[in-house]
Amino acid sequence: MSAQRLASITPFHVMKLLARARELEAQGHPVVHMEIGEPDFITPQPVTDAGIRALQQGKTHYTPAAGLPELREAIARHYQDRFGVTVDAGRILITPGASGALQLVLAVLVDPGSQVLMSDPGYPCNRNFVYLYEGEPVMIPVAAEHDYQLSAAMLEQHWTGRSRCVMLASPSNPTGTVVADDTLQAMMQFVRQRKGSLIIDEIYQNLCYRGKPQTALALGEDIFVINSFSKYFGMTGWRLGWLVAPEAYIGHLDMLAQNLFLAASTPAQYAALAALEAPTLGVLEQRRREFKSRRDYLLPALRSLGFGIPVEPQGAFYLYADCSRFTGDSYTFATNLLEKAGVAITPGIDFGHYKADRHVRFAYTTSMEKLQQGVEQLANFLARNRS
Ligand SMILES: Cc1ncc(COP(=O)(O)O)c(C=O)c1O
């Protein structure tokens, strides 16, 4: 019999929709995919070449649990060069994706019964990881007025004697919004005063369309920062991410990494060395501009169809849209849209409870041409449903 803790853990509803979309495609019905949370672009060539070279040179053994020293150094240099922030490479641990980093960080912070404050809507795995460690996720409703991000006032309202840490993502999944500098600073100060910890997921950091990307590492050495090669670097399938942690936690994190995964993939780590070099960064910046063009097309197109997107998302590749003009049940809406119009999107329930049945997420992880086709099919679907 499966363990009790599994009772609280939920699957991604979108997986069911994705499976159905694949089935429809296999039957010869094309689907426009706006549900997928990974770039459509493949891994940049210099990265793939470096991975192949590593395999050919026999670099197929374990690395140290904390990762290849040269990759930890390269990430430290990336923070210096791109963000002007000095980070000791010894505080950087290489993990199997941001997913591995999230599991590690929660493993060192969460005791059974500890509360972890997070936004609703937010990235669904976070609450499930907290359940896995027998903690209690405290899901705080966030609305457009606050850019769908937490604030110190909200933390004040929800923090209790059992609260241990706060998790946020900027830019966020599913809303694409960025936390304002002063809001983040105030939250950091709040958490410090309560002797808690702040975990910020910066996986979409370099996918920013307004202003310069920032890192919360600038706030001090007592913050936990999660990142990954998955999204901006186009390496989802390589399974490689990292965690920057306060010095005092590194020993325990290293020990946990040894036990949980021994090490991240070795060829992926060698490949990632090329991801941080100028030729690759050039390709990635071009892709970032392409994502921006897609957002600039899709945002007004959805608004003009009647979806409510009150805050312009500044990053990631998602639009979180209020669909209450059309439905009070976003899951059924997404299912019907797939079945009747061949457009796949993600229902709000995957991201939490707050107004989840009135929201859906559109991902612009497909070509402009496909997006235009998707919008046309969506418009026809809405017109048919109205009449
Ligand atoms: C906010 C956020 N964090 C973490 C992850 C996991 O990413 P990775 O592929 O690096 O494990 C995702 C993936 O969608 C995400 O959206």
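No experiment lies behind these values; they were computed from the predicted model shown. Counting starts at 1 for both ligands and their atoms, following the listed order. If you read the sequence from its start, that first residue is 1, and numbering goes on from there. The figures here come from the full heavy-atom set of this structure, side chains too, leaving out hydrogens, waters and symmetry mates.
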Consider only side-chain N and O atoms of Gln149 and Ser172, and report whether a donor and an acceptor are under 3.5 Å apart. no
Write out the protein residues near ligand 1, meaning a non-hydrogen atom under 4.0 Å from one of its atoms, in order of chain and number. Gly97, Ala98, Ser99, Tyr123, Asn173, Asp201, Ile203, Tyr204, Ser228, Ser230, Lys231, Arg239
Side chains of residues 8-17: which donor-acceptor pairs under 3.5 Å do they make with residues two or more places apart or in other chains?
{"from": "His13", "atom 1": "ND1", "to": "Asp350", "atom 2": "OD1", "distance (Å)": "3.0"}

Is it true that a side-chain atom of Thr280 and a backbone atom of Pro46 form a donor plus acceptor pair closer than 3.5 Å? no
In this structure, is the centre-to-centre distance between the rings of Phe291 and Phe41 below 6.0 Å? yes
Does CD1 belonging to Ile42 count more than 12 external heavy atoms closer than 6.0 Å? no
Between the side chains of Thr346 and Glu35, is a donor N or O closer than 3.5 angstrom to an acceptor N or O? no
